[in-house]
Amino acid sequence: NADTGSPENSSGDTGSPSAPPYGEPEACLLQNAYAQTVQDAIQHLNRNEQTVIQFYYFRQETTNEIAVRLGCSVQNVRKIKRRALTRLRSLLER
């Protein structure tokens with residue numbers, strides 16, 4: 001506003017097209033829809049790619065832990081993760 005130099009109007013709205021704050025119904029619906037879209041896309045990955053994505057991003061395991069789980073090298077886990085993320089980006093852009 002004019003007193004503080006901020007771009008907010010008297011209603012507190014900045015006028016920016018940002019998403020509603022977390023907890024509002026619209027934000028919750030959008031977040032849930034996007035989460036479902038990501039889960040659907042993960043189902044199109046091969047088994048090793050799914051495993052790496054699930055354990056790395058959803059269970060916060062390290063690449064070393066995943067390598068032990070899969071019985072492969074850390075470099076191979078990184079390669080699988082990189083390939084899976086590329087495929088996910090492609091699937092999510094559609």
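Nothing fancy with the numbering, it's 1 onward along the sequence. Being a predicted model, the structure only gives us computed values, none of them experimental. Hydrogens, waters and symmetry mates are skipped; everything else that's a heavy atom, side chains included, is used.
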Interatomic distance, Glu24 atom CD to Gln31 atom CD [nearest 0.5 angstrom]: 12.5 Å
Nonpolar side-chain network containing Leu92, other nodes, edges under 4.5 Å: Tyr34, Val38, Ile42, Leu45, Val52, Ile53, Phe55, Tyr56, Tyr57, Phe58, Ile66, Leu70, Val77, Ile80, Leu85, Leu88
Could you list all the salt bridge (charged side-chain N to carboxylate O under 4.0 Å, His left out) pairs where at least one residue sits in residues 33-57, not counting sequence neighbours? Glu49-Arg83, Glu49-Arg87
Each residue besides Val74 in its hydrophobic cluster should be listed here, by chain and number; the cluster joins Ile, Leu, Val, Met, Phe, Trp and Tyr at side-chain heavy-atom distances under 4.5 Å. none
Rounded to the nearest 0.5 Å, the OG atom of Ser73 sits from the NZ atom of Lys79 at a distance of 9.0 Å
Kindly write out the residues that satisfy side-chain contact (heavy atoms from CB on, under 4.5 Å) with Ser90, not counting sequence neighbours, or none if the list is empty. Arg94
How far does NZ of Lys81 sit from OG1 of Thr63, to the nearest 0.5 angstrom? 7.5 Å
With salt bridge (charged side-chain N to carboxylate O under 4.0 Å, His left out) as the rule and sequence neighbours excluded, what pairs involving residues 53-65 come up? Glu61-Arg69
